[in-house]
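Below is one structure, written out as structure tokens; the observations come after it.
Reminder, nothing fancy here: chain letters follow the sequence lines and each chain counts from 1.
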Protein chains: 2
Amino acid sequence: MDAYGDLVPVDHDAETPLWLQLANILRTQIQSGQLQPGRIMPSETTLMQEHGLARGTVRKAIDALVDEGLVNKVQGRGTFVRASSS
Amino acid sequence: MDAYGDLVPVDHDAETPLWLQLANILRTQIQSGQLQPGRIMPSETTLMQEHGLARGTVRKAIDALVDEGLVNKVQGRGTFVRASSS
DNA sequence: GAGAATTTGTACGTATGTATG
DNA sequence: ACATACATACGTACAAATTCT
């Protein structure tokens with residue numbers, strides 16, 4: 001029942017930090033159109049569960065995407081994929 | 001023996017988040033020349049002790065200054081005031 | 001409007017890893 | 001080898017904003 005798009009688990013033994021791995025996964029999903037402009041992004045809780053990561057790790061990954069201008073967060077609502085670019 | 005420049009304690013009851021209060025304090029010290037370009041910034045441990053804050057809170061404050069381009073961090077060495085600007 | 005549920009924000013604490021001196 | 005300093009990652013608790021019932 002796992003949705004496709006979740007077939008890239010993070011690797012706890014890799015050199016790349018877990019938060020970066022997750023950021024990379026999410027960025028790819030955005031750029032590939034799996035996560036479309038306008039709404040969503042799974043909630044922090046969902047991402048924690050799906051990837052087996054702590055809250056802080058998930059937040060750091062998302063914050064990186066915010067810094068890149070790919071998403072924006074709204075307290076009480078969620079994290080949204082930005083309209084933008086090409 | 002407290003150095004001047006430490007006379008602005010954070011306020012746990014203020015609306016402004018502690019990490020932002022600390023970032024504001026440090027930014028002021030940089031812009032006023034109390035923290036001069038080239039080297040330094042007290043270590044995270046020092047800032048924790050001087051301001052009575054947790055590590056994560058101190059790091060978030062400093063990360064904000066990094067994003068502003070005011071300082072840069074080097075693992076194993078410390079956090080440095082950037083040469084820069086005006 | 002009241003209240004519960006959801007979701008992000010802040011803040012704390014702890015442990016271990018990595019880089020530098 | 002050792003000490004210092006930043007980096008990563010875990011966990012917990014409560015606050016604030018929004019949404020849904």
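- A donor-acceptor contact under 3.5 Å links the side chain of B/Gln75 to the base of C/dT18.
- The side chain of A/Arg59 places an N or O atom within less than 4.0 Å of a non-bridging phosphate oxygen (OP1 or OP2) of C/dG9.
- Rounded to an integer number of Å, the gap from B/Met48 CE to C/dG13 P is 7 Å.
- The distance between atom CG of B/Asp13 and atom P of D/dA15, rounded to the nearest whole Å, is 13 Å.
- Nucleotide D/dA1 is matched to nothing when pairs are restricted to Watson-Crick or G-U wobble geometry with both distances under 3.5 angstrom.
- At a threshold of 4.0 angstrom between heavy atoms, the contacts of A/Gly56 with the nucleic acid are absent.
- Nearest heavy atom pair, residue B/Ala64 against residue B/Ala23, reads CB-CB, 4.5 Å.
- Between the CZ atom of B/Arg77 and the C1' atom of D/dA3 there is a distance of 17 Å, given to the nearest Å.
- For the pair B/Pro42 and A/Pro17, both in contact range of DNA chain D, the more 5′-proximal nearest nucleotide belongs to B/Pro42.
- Look at NZ on A/Lys73: it is 16 Å from C1' on C/dT6, rounded to the nearest Å.
- Side-chain contact between B/Asp63 and B/Lys73: present, with at least one pair of heavy atoms (C-beta onward) separated by less than 4.5 Å.
- OP1 or OP2 of D/dC10 lies within a sub-4.0 Å distance of a side-chain N or O belonging to A/Thr57.
- Of the candidate nucleotides C/dT8, D/dA7, C/dG13, C/dT8 has the atom nearest to the side chain of A/Ser43.
- Taking the nucleotide of DNA chain D with the nearest heavy atom to each of A/Val74 and A/Lys60, the more 5' of the two is matched to A/Lys60.
- Candidate nucleotides C/dC12, D/dT19, C/dG9 were compared by shortest atom distance to the side chain of B/His12, and C/dC12 ranks first.
- The interatomic distance linking B/Glu15 (CD) with C/dT10 (P) rounds to 14 Å, in whole Å.
- If you take CG of A/Asp63 and C1' of C/dT10, they are 12 Å apart, rounded to a whole angstrom.
- With C/dT8, D/dA9, C/dC12 as the choices, the nucleotide that has an atom nearest any side-chain atom of A/Glu44 turns out to be C/dT8.
- Atom pair A/Phe80:CZ and C/dT7:P shows a separation of 11 Å (rounding to whole Å applied).
- Looking at heavy atoms from C-beta onward, B/Arg82 lies out of side-chain contact with B/Glu68 at the 4.5 angstrom threshold.
- In this structure, the side chains of B/Leu22 and B/Thr57 stay at 4.5 Å or more apart for every pair of heavy atoms.
- With distances taken from any side-chain atom of A/Arg55 to the nucleotides C/dG13, C/dT10, D/dT8, the minimum falls on C/dT10.
- Rounded to whole Å, atom P of D/dT8 lies 14 Å from atom CG of A/Leu22.
- Here the closest non-hydrogen pair linking B/Ile62 and B/Leu26 is CG1-CD1, 4.5 Å.
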